[in-house]
Amino acid sequence: MRMSHMFLRTLREAPSGADSKGYEYLLRAGFISQLGTGIFSLLPFGKRSSEKIKKILREEMERIGGEEIEMPVVNPADIWKETGRYYSIDKEMARFKDRMNRDMVLAMTHEEAVTALARGIIDSYKKLPLLVYQIQTKFRDDPRPRAGLIRVREFSMKDAYSFDRDQEGLEKVYKDNYKAYFRIFSRTGLPVIVVASDSGMMGGKIAHEYMYLSPIGEDTIIICPECGYTANRQVARFKKELVKEEMKPLEKVKTPDAKTIDDLCTFLSISKEQTCKAVFMVGTFFNEETKEEEEKLIAAFIRGDMDVEESKLSNVTRASEIRPAHEEEIREYGMVPGFASAIGAHGDFVLVVDESVAGSSNLVAGANEEGYHYLNTNYGRDFSGGIVADIASARAGYKCPVCGKELTSSKGVEVGNIFQLGTRYSDAMGATFQDEDGKEKPLVMGCYGIGVGRLLACLAEEYNDENGLSLPITVAPYQVHLVSLVKDQQIADDIYQKLIERGIEVLYDDRKESPGVKFADADLIGLPIRITIGNRGLKEGKVEVKLRGTGEVTSYAIEDIADEVLREIEKETKKIEDNIFEG
RNA sequence: CGGGCAGUAGCGCAGGGGCUAGCGCGUCUGGUUCGGGACCAGAAGGCCGGAGGUUCAAAUCCUCUCUGCCCGACCA
């Protein structure tokens, strides 16, 4: 491609709002352009890189038996009503009516569409297992897009769906995808770790996320450097040191103004581990009978030294949404904010007790009376029932649930995820097959997603320096940047031609610009191999090859240049391929 | 959806009731340069986000609105 006629404008200054290096360079180098909040165009460079990522995605999906399909972005609302997600998902899903006044949605994912397909196509166990995938636009009306391509509203995603007879089959294909994902990320050059994750709106039980660790990430990852345990904080476990001792008699004490755990500990001269903390939320629940959403108070109790992880809380209570409760909502059930406990509470609320409270003895808890607490409260004796579960938020410094060593934490960007969906969608939509025993059974499903743009954004974040991008050769828009500094275009044109004929992807800077401008743009765009044609080398019949990654410079005779560049391309590619791994 | 900030030339910004709205970069024309964001000369480019209002006079003050950015709630 000749730069003199490209649909491109590089920027000398960072557009305002570009807060990360990767995002800044993608904008400045002309990979992307913003059209609205969370809505971007891909310019020629961005499009080419994106296509290279897609090619890798296709190759790796085909490698594990995936077949490419394409499902519509516009879905009739009916199928979303069948699974209930039409109601359980809020404003994040864009909805509209067609001319016949039918409800339509913009698909934010394709479980419904693919399940609708499957129920028409899969009838027998003999066809199973099956794996289909697509690379398709998703629209999610995110309330707060940010950080350039990291979190957007419209994006291209590779989403795959598997169908199996049983859990065993699902686990096999899940493992295939698990490995394929590592191959995919390593082929793009992006370092990732896999973490156990929350299944969120997808439903299902087992799920993993592929995380690119970076300060620009929005997720917090809990990591055990000792044994390798990793999990998204939303689900991360840790070892709780619990002390069970003989129960002492309940005792009410005066604790004026001790509304917080800190105040309470100071006042009574005790440690946080000896207290029980109350956290009140209001959850939205879907009532199966009335088919209506309803709100209910959730009263969660946890040992005073820990915090409640809201995603865990919403998981164990099966609330679709969760928000902090107002004071009146709490008092309605006989509990007094600041001095609250479950003791003496009444009415129909959801009680959740963290293991740390259920497993400890003689904790100090509120007396549900202004200015009073109880000493020696014990779950099972003084209050009982509800859900006993792990709802505690893990953090660095806590102990690993596996090996007991100290955990650390890191920020990460989720670039891919895999879910074992089970029969959640096939049950809801009646997608069944006839098994060997003649019985109709629901298909056992899994789904597997990778965001293309987000992956590109992470790569830009990982591969840059003070001069610009430096993407790996597998995803760079072109392999070679041919920079001509000589007036006589013929020599450069000839070399350009020769490289093209050898199948090399060349970006040819044939613009009438000063050397400084050309070099600066070359660094900014950051193609892995730069060829410079200048009078300096031409005197000896040579041109210069510079590697963007290392800065290494070598001169070659003009007649050898195509061969040498091919050799460099091979070397750069091999660097990536030697590091392909499957987890 | 709450809190904060901002919309003035393609990009980055200045100007905050009073003449024809500026600066840097970029763009165009001519010339000189030509291995790390060159120089000289000339030029083009604006409904000051939009709508109302106050005023003799509004980019500037007021009201409403739209859009974008950051933080939070939220989310893959």
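Chain letters run A, B, ... following the sequence lines, proteins first, then strands; residues in each count from 1. Only this structure's heavy atoms are used, side chains among them; waters, hydrogens and symmetry mates stay out.
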Return whichever of Arg151(A) or Gly516(A) has its heavy-atom-nearest nucleotide of RNA chain B closer to the 5' end. Gly516(A)

Upstream residue (5' side of RNA chain B) when Asp19(A) and Ile533(A) are each assigned their closest nucleotide: Ile533(A)

Of the nucleotides [options], which has the atom closest to the [X] side chain?
X	options	value
Asp142(A)	G37(B), C13(B), C74(B)	C74(B)
Glu13(A)	G24(B), G36(B), A76(B)	G24(B)
Leu11(A)	G12(B), C74(B), C11(B)	C11(B)
Glu218(A)	C74(B), A76(B), G36(B)	C74(B)
Asn417(A)	G26(B), A76(B), G36(B)	A76(B)
Asp521(A)	G37(B), G10(B), G12(B)	G37(B)
Thr532(A)	G35(B), G36(B), C74(B)	G35(B)
Lys91(A)	G12(B), C75(B), C1(B)	C1(B)
Arg12(A)	G36(B), G37(B), C74(B)	G37(B)
Glu513(A)	G35(B), A38(B), U27(B)	U27(B)

Under the 3.5 Å rule, do the base of [N] and the side chain of [X] count as making a donor-acceptor pair?
X	N	value
Arg530(A)	G36(B)	yes
Gln34(A)	G68(B)	no
Asn535(A)	G35(B)	no
Arg536(A)	G36(B)	no
Lys539(A)	G35(B)	no

Both distances below 3.5 Å, Watson-Crick or wobble geometry, any strand: find the nucleotide opposite [N].
N	answer
G18(B)	C56(B)
C39(B)	G31(B)
G45(B)	none
C23(B)	G12(B)
C64(B)	G50(B)
C1(B)	G72(B)

Would you sort out whether Ser393(A) and Glu309(A) count as a side-chain hydrogen bond (donor to acceptor under 3.5 Å, both in side chains), showing the intermediate values? CA-CA 4 Å; Ser393(A) 188; Glu309(A) 177 60 46; 2.8 Å; yes

Provide the closest heavy-atom pair for Ile69(A) versus Gln134(A) in the form atom of the first, atom of the second, distance. O-CB, 3.0 Å

What is the separation between atom [atom1] on [X] and atom [atom2] on [N], rounded to the nearest whole Å?
X	N	atom1	atom2	result
Gln234(A)	A73(B)	CD	P	12 Å
Arg511(A)	G37(B)	CZ	P	15 Å
Arg144(A)	G4(B)	CZ	C1'	11 Å
Ile150(A)	C75(B)	CD1	P	19 Å
Lys487(A)	G31(B)	NZ	P	13 Å
Glu544(A)	G36(B)	CD	P	11 Å
Met281(A)	C74(B)	CE	P	7 Å

Do Tyr174(A) and Tyr178(A) make the cut of ring centroids closer than 6.0 angstrom? no

Ring centres under 6.0 Å, that's the criterion: do Tyr210(A) and Phe185(A) meet it? yes

For nucleotides [N] and [M], find the distance between their [atom1] atoms and express it as a whole number of Å.
N	M	atom1	result
A21(B)	G30(B)	P	30 Å
C47(B)	G22(B)	P	15 Å
C1(B)	U8(B)	P	25 Å
C61(B)	G46(B)	C1'	22 Å

Look at all strands and tell whether [X] reaches a base, only sugar-phosphate, or nothing, counting heavy atoms closer than 4.0 Å.
X	value
Arg323(A)	nothing
Pro15(A)	sugar-phosphate
Gly537(A)	base

Is Ser16(A) near enough to C13(B) that one of its side-chain N or O atoms lies under 4.0 angstrom from OP1 or OP2? yes

Ignoring hydrogens and angles, state whether a donor on the side chain of Glu209(A) or Asn417(A) is under 3.5 Å from an acceptor on the partner side chain. no

Under 4.0 Å between a side-chain nitrogen and a carboxylate oxygen: does that hold for Asp390(A) and Arg237(A)? no

If you count the non-hydrogen atoms of other residues, nucleotides and ligands that lie under 6.0 Å from CZ in Arg2(A), is the total more than 12? yes

